[in-house]
K.L.:
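Below is the structure I would like to discuss, written out as structure tokens.
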Amino acid sequence: MPKNSKVTQREQSHEHVTESVADLLANEEPLDYKSSSLNVGAASEKKVPQIEAPENDGRPAWNSKLQYILAQVGFSVGLGNVWRFPYLCQKNGGGAYLVPYFILLLIIGIPLFFLELAVGQKIRRGSIGVWNYVCPRLGGIGMSSLMVCGFVGLYYNVIIGWSIFYFFQSFQYPLPWSDCPIRKNGTLAIVEPECEKSSATTYFWYRQTLNTTSTIAESGGLNLKMTLSLLVAWIIVCLAVIKGIASSGKVMYFSSLFPYLVLFCFLVRGLMLKGSVDGIAHMFTPKLEKMLEPQVWREAATQVFFALGLGFGGVIAFSSYNKIDNNCHFDAVLVSFINFFTSILATLVVFAVLGFKANIMNEKCVSENAEKILGYLNSNVLSHDLIPPHVNFSRLTTSDYAEIYGVIKTVKEDGFARLGLDPCLLEDELNKAVQGTGLAFIAFTEAMTHFPASPFWSVMFFFMLINLGLGSMIGTMTGITTPVLDAYKVQKELLTVCCCIVAFFCGLLFVQRSGNYFVTMFDDYSAGLPLTVVVILENLSVSWVYGTKRFMQDLEDMLGFRPSIIYFYLWKYVSPLCLIVLISASVIEMAISPPGYNAWVQELAQEQFQSYPPWALVMCFALIGVAMLPLPVVFIARQFNLMSDGSNKLAVSYRKTMMKDMSNLEDQDEARSILRGKPGEAPPSAAARRPFLTPGGNKPLDPNSLSPNMCYGTGYQNAAISPTTPSTPPTPATPESDS
């Protein structure tokens, strides 16, 4: 190294280094070597090494921006968009529900999604590495995210297994759930009583698919069909993620786009069905008074929260494979709105089909009650004078039946209840709210049995569910494997296979005959409250510990422009306040609602609410406790120096990158020495280092305060440049004041 080079001068100097190599060379004038007088010919041309960007650290990268966007869309758009959002819309005021949902998407969803994308892209680590970097004492955030991902992945893949079973059962005509099975009793053939009391699709789901027990306490042993389906589901997931984003990125091209093709096909087909418009009109007829109910806003906030996949670690993991200058603000807005419009599209499809089903069921109701009325007329219980002359019982319409029903109810006011006539209102059928597995595996499958070419539509529907679930599972698995691969030198393929094998054996809990009840338990308790706590701590660690002004400056350095000042106040005040209210409402809801589940009682052939037994209650609260346990444990351990803060691994990684920059700078300095004759001379046009500004742009920050690890006030840059400096116990930094 030349003695008078800039790097050598800085190493011999006692000045505190605060500028990185990238900062020093950000405004260097490019040298045109081809036009240099030294360039005699191609053979004698001296190749000057270029400074390697810090992001070229061997970390995998997305092949294209489209692949990355599809991965984020595939992760965020999942089964909840198809079977949860339409139910919430119906329950909470139809079209009126879209107003609070959209408002909360703007003030909570997009800002927090943008925050996760930005920290992942800036720090280029998984969830554990990111929060160790921002604040080691809050490093438990990443570990809690990993725990929640594990719990959710266990039961989520069971749902994919159910969809796989229905997918293969759809390759037959008629569909196996279209009619009740016939039981032979000697010479008599009778309909299965459990099916006759419920319906063919309900019976197929509870008895022939799950073969469920009547309580969670009755294990019933393993369900072989569901065990094989779960094994197939884990094999598919393992193959999709075994090579990391190299394999999952290619899978996303199909698994993210195919559901949209199916949804559009179902929408076109649904609009051609009788009664579809009734369903859509019922769906979007706003009940504005619902907007004043706090419960509606709480459920809208929860749906926004989970629809974008916040807190799982998958968003951060995917973003960490981006280029450092990727426009993650555009990505956040784009993916959020794609998610929102996908929910609207799925709602249109669901209620077009349910409107058709409601008309079928209403006509069936009219037909059955018309037979009752004819029986009463023939037995002289009712007078023929009560029937309007224009009514034809062979072609009785719903309006004719409504007229007859009204006349009989008025005349036979005292004895009307004994007649057992139903009103057969279309509105009542449309108001029957169904969600989750009840929508996908019972209501929707029943509607498809009335479609022409019903096996084709059934195959398409369940293949769509498999792809929706697969996209979410890829993000969930990436949220688990990426932090582990960042922290430990483990072979990616081996880690993935081991995770899938362990998950399969743990998932056997859900393929018992009582497994459906454990799926409900994990869905209710393993993710809701822990994830909300994780996200509010993410928000607070960036906005109040690291500092919103510093984060805004980081974003400007990454993106090349400063995001809107609105984000500053959303991150600093609005989002934390909304999340605190959401946590409070969730805890209150959990306290006042008796913990329990809907059990299928075989004798009654219907669902019945049952409370959890004591051991199951312990299990419910253990799920919450285990998921949140890393938060206080890591904080206490690092507060009292009982656990490494994780800075050594990050510092080593940073130091390697810095050494590359310094080595390249030597060669660059030598080249300038030859070309200009003055080694180490700074270019005359080099601009002064830009001050760090506040959101207002008028209050520069002290550059020395901008260490990556603001929780301790110690910088990895200093550790990287001065590795021989004796280490001292970290001193907590005072949280930044933005006033």
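Computed over heavy atoms, backbone and side chain alike; hydrogens, waters and symmetry mates excluded.
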K.L.:
Going by side-chain contact (heavy atoms from CB on, under 4.5 Å), name the residues that satisfy it together with Leu239, two or more places apart in sequence or in a different chain.
P.N.:
Ile235
K.L.:
At their closest point, which heavy atom of Ile480 faces which heavy atom of Val484, and how far apart are they?
P.N.:
O-CG2, 3.4 Å
K.L.:
Where is the tightest heavy-atom contact between Leu623 and Phe151, given as atom of each residue plus distance?
P.N.:
O-CE1, 3.9 Å
K.L.:
Run the ring pair (Phe, Tyr, Trp, His ring centres under 6.0 Å) test against Tyr68 and tell me which residues pass, sequence neighbours left out.
P.N.:
Trp62
K.L.:
Quick check: do Asn63 and Lys250 have side-chain heavy atoms less than 4.5 Å from each other?
P.N.:
yes
K.L.:
Considering residues at least two apart in sequence or located in another chain, which fulfil the ring pair (Phe, Tyr, Trp, His ring centres under 6.0 Å) criterion with Phe551?
P.N.:
Trp571
K.L.:
Please determine, by modelled atom types, if Tyr569 and Thr548 share a side-chain donor-acceptor pair under 3.5 angstrom.
P.N.:
no
K.L.:
I need the Leu577 CG to Leu570 CG distance, nearest 0.5 Å.
P.N.:
11.5 Å
K.L.:
For Phe330, does the CZ atom sit with more than 12 other heavy atoms under 6.0 Å from it, leaving out its own atoms?
P.N.:
no
K.L.:
Can you tell me how far CD1 of Ile108 sits from CG of Asn539, rounded to the nearest 0.5 angstrom?
P.N.:
9.5 Å
K.L.:
Using side-chain heavy atoms (C-beta onward) and a distance below 4.5 Å, is Ser541 in contact with Tyr546?
P.N.:
no
K.L.:
If you define the side chain from C-beta out and look only at heavy atoms, does anything of Leu470 sit under 4.5 Å from Val237?
P.N.:
yes
K.L.:
Can you tell me if Phe505 has over 12 outside heavy atoms packed within less than 6.0 Å of its CZ?
P.N.:
no
K.L.:
For the residue pair Asn132 / Arg137, report whether a side-chain donor-acceptor contact shorter than 3.5 Å exists.
P.N.:
no
K.L.:
Nearest 0.5 Å, please: how far is CG in Leu334 from SG in Cys328?
P.N.:
13.0 Å
K.L.:
Stepwise, does the side-chain hydrogen bond (donor to acceptor under 3.5 Å, both in side chains) test hold for Thr342 with Tyr260?
P.N.:
CA-CA 8 Å; Thr342 303; Tyr260 289 96; 2.6 Å; yes
K.L.:
Would you check if Val315 and Gln72 make a side-chain contact, meaning some heavy-atom pair closer than 4.5 Å?
P.N.:
yes
K.L.:
Taking all non-hydrogen atoms of both residues into account, name the closest pair between Trp234 and Met477 and its distance.
P.N.:
CZ3-SD, 4.0 Å
K.L.:
List the steps and the verdict of side-chain hydrogen bond (donor to acceptor under 3.5 Å, both in side chains) for Asn322 and Lys65.
P.N.:
CA-CA 9 Å; Asn322 265 332; Lys65 181 65 173 283; over 6 Å; no
K.L.:
Quick one: do Phe340 and Val335 satisfy side chain to side chain contact (heavy atoms under 4.5 Å, CB included)? Show the steps, please.
P.N.:
CA-CA 9 Å; Phe340 176 65; Val335 174; over 6 Å; no
K.L.:
Output, in order, the C-alpha distance, side-chain angles, deciding distance and verdict of side chain to side chain contact (heavy atoms under 4.5 Å, CB included) for Val333 and Phe113.
P.N.:
CA-CA 9 Å; Val333 176; Phe113 192 61; over 6 Å; no
K.L.:
Could you tabulate the donor-acceptor pairs under 3.5 Å formed by side-chain atoms of residues 141-148, not counting sequence neighbours?
P.N.:
| unit_1 | atom_1 | unit_2 | atom_2 | d |
| --- | --- | --- | --- | --- |
| Ser144 | OG | Gly140 | O | 3.3 |
| Ser144 | OG | Ala627 | O | 2.9 |
| Ser145 | OG | Ile141 | O | 3.2 |
| Ser145 | OG | Gly311 | O | 2.8 |

K.L.:
Is the shortest heavy-atom distance from the side chain of Pro563 to the side chain of Phe568 under 4.5 Å?
P.N.:
no
K.L.:
Measuring only between side-chain heavy atoms, which start at C-beta, is Pro576 closer than 4.5 Å to Leu540?
P.N.:
yes
K.L.:
Could you list the residues that satisfy ring pair (Phe, Tyr, Trp, His ring centres under 6.0 Å) with Phe258, not counting sequence neighbours?
P.N.:
Phe254, Phe463
K.L.:
How many angstroms lie between atom CE of Met252 and atom CG of Leu257, to the nearest 0.5 angstrom?
P.N.:
11.0 Å
K.L.:
Going by an N to O cut-off under 4.0 Å, is there a salt bridge joining Asp486 and Arg124?
P.N.:
no
K.L.:
Any side-chain to backbone donor/acceptor pair from Arg125 onto Val130? Under 3.5 Å, distance only.
P.N.:
no
K.L.:
Test side chain to side chain contact (heavy atoms under 4.5 Å, CB included) on Asn327 and Phe561 and set out the steps.
P.N.:
CA-CA 10 Å; Asn327 189 348; Phe561 65 91; 3.9 Å; yes
K.L.:
Taking side chain as C-beta onward, heavy atoms only, is Leu559 less than 4.5 Å from Asp325?
P.N.:
no
K.L.:
SG of Cys500 to CZ of Phe504: how many Å apart, nearest 0.5 Å?
P.N.:
11.5 Å
K.L.:
Find out whether Thr478 and Phe312 are in side-chain contact, i.e. whether some heavy atom of one side chain is under 4.5 Å from a heavy atom of the other.
P.N.:
no
K.L.:
Output all residues satisfying ring pair (Phe, Tyr, Trp, His ring centres under 6.0 Å) with Phe85, sequence neighbours left out; order by chain, then residue number.
P.N.:
Tyr97, Tyr101
K.L.:
CD1 of Ile566: more than 12 outside heavy atoms within 6.0 angstrom?
P.N.:
no
K.L.:
Measure the spacing between OG of Ser319 and CZ of Phe114 and express it to the nearest 0.5 Å.
P.N.:
10.0 Å
K.L.:
Let me know which of Lys549, Arg562, Arg550 forms a salt bridge (Lys or Arg N to Asp or Glu O under 4.0 Å) with Glu556.
P.N.:
Arg562
